[in-house]
Structure formats: structure tokens, C-alpha cells
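First comes the structure, then the notes that go with it.
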Amino acid sequence: MSEENTQGNQISAVEVQQYPEHFQAKIIGKVEHRNGDGPTETIPLGTEMKVDTAIASYVLSWIDPEDQQPETAYLAKREFELYVEVGALEVTI
């Protein structure tokens, strides 16, 4: 995160975009997401997914290998980036 001078000399945080608008990722460690207020769910190891950048999150999309149905999960940007940092997610740009 960086700081930027704004109108009236106020300082505000500006989010630095680390990834492009669309890219690929692969699960190589434990990655969990939550659907609404429900319990956390683990995305299976080896899952390859499409990732789209939203304002404050990343949208992960993949096909469930068990039932061949499309799945979607949302991770806050900082949460996604932490999974990348600890080696649970591999990003392909």
C-alpha cells in the first residue's frame, strides 16, 4: 500500500494492484473460502482456476472435478495475496 497526497493535503491509502485484471492460479496448499455466513470450505489441491480482479477482491472460478459443475469463490485481495505469499496458491500471469 502506498500513500498519496489528495485535495486539501490529506493523506489517504492507495491500494496497489499486484495482478492483472484476468489471470490463472492453481491450488498447491490449503486454501479456504467462505460462502456467505456459512462454514469455510477448502478448495481441492491441484484445482486450476481462472481469477478475475474486482474492486476489493479476487473472483476464483473453476469446474468441480467431482460433479463437473462450475464453482465460484471470492477472496479479499489481502487474503488471496497471503495465500500466494505462503505458497498455497501459484499464480500464472
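Each residue takes its place number in the sequence, starting with 1.
Residues Phe80 and Val91 have side chains in contact (heavy-atom distance under 4.5 Å, counting atoms from C-beta outward). Between Lys77 and Tyr19, every side-chain heavy-atom pair lies at or beyond the 4.5 Å cut-off. The shortest distance between side-chain heavy atoms of Glu81 and Tyr58 falls below 4.5 Å.
Sorted by first and then second residue, the salt bridge (charged side-chain N to carboxylate O under 4.0 Å, His left out) pairs involving residues 83-93 (not counting sequence neighbours) form an empty list. Under the salt bridge (charged side-chain N to carboxylate O under 4.0 Å, His left out) criterion, the residue pairs touching residues 51-60 are Lys50-Asp52, with sequence neighbours excluded.
Between atom CD1 of residue Ile93 and atom CZ of residue Phe23 there is a gap of 7.0 Å, rounded to the nearest 0.5 Å.
Hydrophobic cluster membership of Val59, counting Ile, Leu, Val, Met, Phe, Trp and Tyr whose side-chain heavy atoms lie under 4.5 Å apart directly or via other members: Tyr74.
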Could you go through residues 24-45 and list every donor-acceptor pair under 3.5 Å that involves a side-chain atom there, pairing it with any protein atom two or more places apart or in another chain?
unit_1: Arg34; atom_1: NH1; unit_2: Gly38; atom_2: O; d: 2.7
unit_1: Asn35; atom_1: ND2; unit_2: Glu41; atom_2: OE2; d: 3.2

Listing, residues 60-73 side-chain donor-acceptor contacts under 3.5 Å, not counting sequence neighbours, or none:
unit_1: Asp64; atom_1: OD1; unit_2: Glu66; atom_2: N; d: 2.7
unit_1: Asp67; atom_1: OD1; unit_2: Gln69; atom_2: N; d: 3.0
unit_1: Gln68; atom_1: NE2; unit_2: Pro65; atom_2: O; d: 3.1

